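Remember, predicted model here, so these are calculated numbers, not experimental data. This chain uses plain numbering: 1 for the first residue, then up along the sequence.
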Amino acid sequence: MDKQMMAEEIYKLAHWNGEVRMRSGATSDNYVDPYRFESDPRLMGAIAWEMSTFVPVGTQVLAGLELGGIPLVTVLSLETRLPAVFVRLKAQQYGTGRVAEGAEISGKRVCVVKDIVSTGMQVLQSVNDLRAAGANVTDVVCVIEQDPEGRRNIEAAGLRFHALFTLEELTRIGLGGEEGKPNMEE
C-alpha cells in the first residue's frame, strides 16, 4: 500500500465528524480516532512498514506510549525485529511498579512510538520517565502530527520528531484535495 492510499484509508476509517475533547482539554472538530486504524490488521501492517523507515539506525529498543502506542510498537517491533517496551502514563502501585514494562532500557538507545501527537506534553513526560530509568531517547515517531505545537515542543527538547502525516495533510488527502499528496520527504 502506498502512502497516498494509506492516508485515504486512515481518513475513511478513523476520521471523526463532531466535536471531541482532547487530552489537553481543548476541543477539536477535526479528529482521527487512532483505535479505528489500530484495530485494522492490514492497515497496521502498512503503517508499521512505513514507520520502520523512521526508526534511526542504532536504535536498540522501541518504546510504545500507553495506550495508542502499545499496538503500534507491537507491530513495529515485529516489522523491525527490535524489542519493545510498553510505557505507562504513571507507574503502578503493584506488580513491578515500573513505568516501562518489557525489554530492558537502561543504557539502551530508545525510540518512542506514539499514535497521535498534539501538544507533545505526554511524550515529553514519558521521555523524562524513560531517561530516569536509564534510557537514551533521541527520536519520536508517530502516525499523525495533530498540531504543529507538538513538533515544536518535542524538537525544542532536543528530540528528533518524525510523523507519517500531519492532520492537515491527512484531511486534505481524505477529502480528495488537489494538493493532497503526502509529504514524501519525512
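Tyr31 and Trp16 have perpendicular rings, their planes meeting at more than 60° on a 0 to 90° scale where under 30° would count as parallel.
A cation-pi arrangement is present between Lys3 and Phe165 under the rule of less than 6.0 angstrom and at most 45 degrees off the ring axis.
Applying the ring-ring contact (aromatic ring centres under 6.0 Å, His included) rule to Phe86 yields no partners; only residues at least two apart in sequence or on another chain are considered. For Arg152, the side-chain contact (heavy atoms from CB on, under 4.5 Å) partners two or more places apart in sequence, or in a different chain, are Pro148, Glu149. With sequence neighbours excluded, the residues forming a salt bridge (Lys or Arg N to Asp or Glu O under 4.0 Å) with Arg42 are Glu9, listed by chain and number. For Thr138, the side-chain contact (heavy atoms from CB on, under 4.5 Å) criterion is met by Arg109, Asn136, Arg160, not counting sequence neighbours.
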Under 3.5 Å, which donor-acceptor pairs do the side chains of residues 127-134 form with other protein atoms, sequence neighbours left out?
{"unit_1": "Asn128", "atom_1": "ND2", "unit_2": "Leu124", "atom_2": "O", "d": "3.4"}
{"unit_1": "Asp129", "atom_1": "OD1", "unit_2": "Gln125", "atom_2": "NE2", "d": "3.0"}
{"unit_1": "Arg131", "atom_1": "NH2", "unit_2": "Val137", "atom_2": "O", "d": "2.7"}

Name every donor-acceptor pair, under 3.5 Å, that has one atom in a side chain of residues 71-79 and the other anywhere in the protein, sequence neighbours excluded.
{"unit_1": "Thr74", "atom_1": "OG1", "unit_2": "Ile70", "atom_2": "O", "d": "2.8"}
{"unit_1": "Ser77", "atom_1": "OG", "unit_2": "Leu82", "atom_2": "O", "d": "2.4"}

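Under a 4.0 Å N-O distance rule, the pair Arg172/Glu168 qualifies as a salt bridge. Ion pairing between a basic and an acidic side chain is recognised when a charged N comes within 4.0 Å of a carboxylate O; Glu66 and Arg88 show no such pairing.
For the pair Ile116 and Pro34, the tightest heavy-atom approach, listed with the atom from each and the gap, is CD1-CD, 3.8 Å. Residue Glu104 comes nearest to Lys108 through the heavy atom pair O-CG, 3.6 Å, listed as atom of the first residue, atom of the second, then distance. Annotation for Met6 and Ala46: closest pair CE-O, 3.6 Å, computed over non-hydrogen atoms. The two residues Ile173 and Glu8 make their nearest non-hydrogen contact at CG2-CG, 3.7 Å. Across all their heavy atoms, Ala163 and Glu145 have their closest contact at CB-CB, 3.8 Å. In plain terms, the two heavy atoms of Val117 and Gly150 that are nearest each other are CG1-CA, 4.0 Å.
Taking CD of Glu50 as the start and NE2 of His162 as the end, the distance is 13.5 Å to the nearest 0.5 Å. Taking CG of Leu43 as the reference point, atom CE of Met5 lies at 11.0 Å (rounded to 0.5 Å). To the nearest 0.5 Å, atom CZ of residue Arg151 and atom CG of residue Leu159 are 12.0 Å apart. Rounding to the nearest 0.5 Å gives a distance of 8.0 Å between CG of Leu170 and OH of Tyr11. Rounding to the nearest 0.5 Å places CD1 of Ile144 at 11.5 Å from OG of Ser118.
At a threshold of 4.5 Å between non-hydrogen side-chain atoms, the residues Leu164 and Met51 count as touching.
A donor-acceptor pair is defined here as one N or O able to donate and one able to accept, closer than 3.5 Å; no such pair exists between the side chain of Ser126 and the backbone of Val123. Side-chain N or O atoms of Glu169 include one that pairs as donor or acceptor with a backbone N or O of Thr166 at under 3.5 Å. A distance-only check finds a donor-acceptor pair linking the side chain of Ser39 to the backbone of Tyr35 [under 3.5 Å].
Of the candidates Leu13, Ile10, Thr171, Val32 forms a side-chain contact (heavy atoms from CB on, under 4.5 Å) with just one, namely Ile10.
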Run the numbers on Phe54 and Cys111 for side chain to side chain contact (heavy atoms under 4.5 Å, CB included), then give the verdict.
CA-CA 10 Å; Phe54 294 157; Cys111 178; over 6 Å; no

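Follow the hydrophobic side-chain contacts under 4.5 Å out from Met121 and you reach Val112 in the same cluster. At a threshold of 4.5 Å between side-chain heavy atoms, the hydrophobic network of Ile, Leu, Val, Met, Phe, Trp and Tyr places Trp49 and Val141 in two separate groups.
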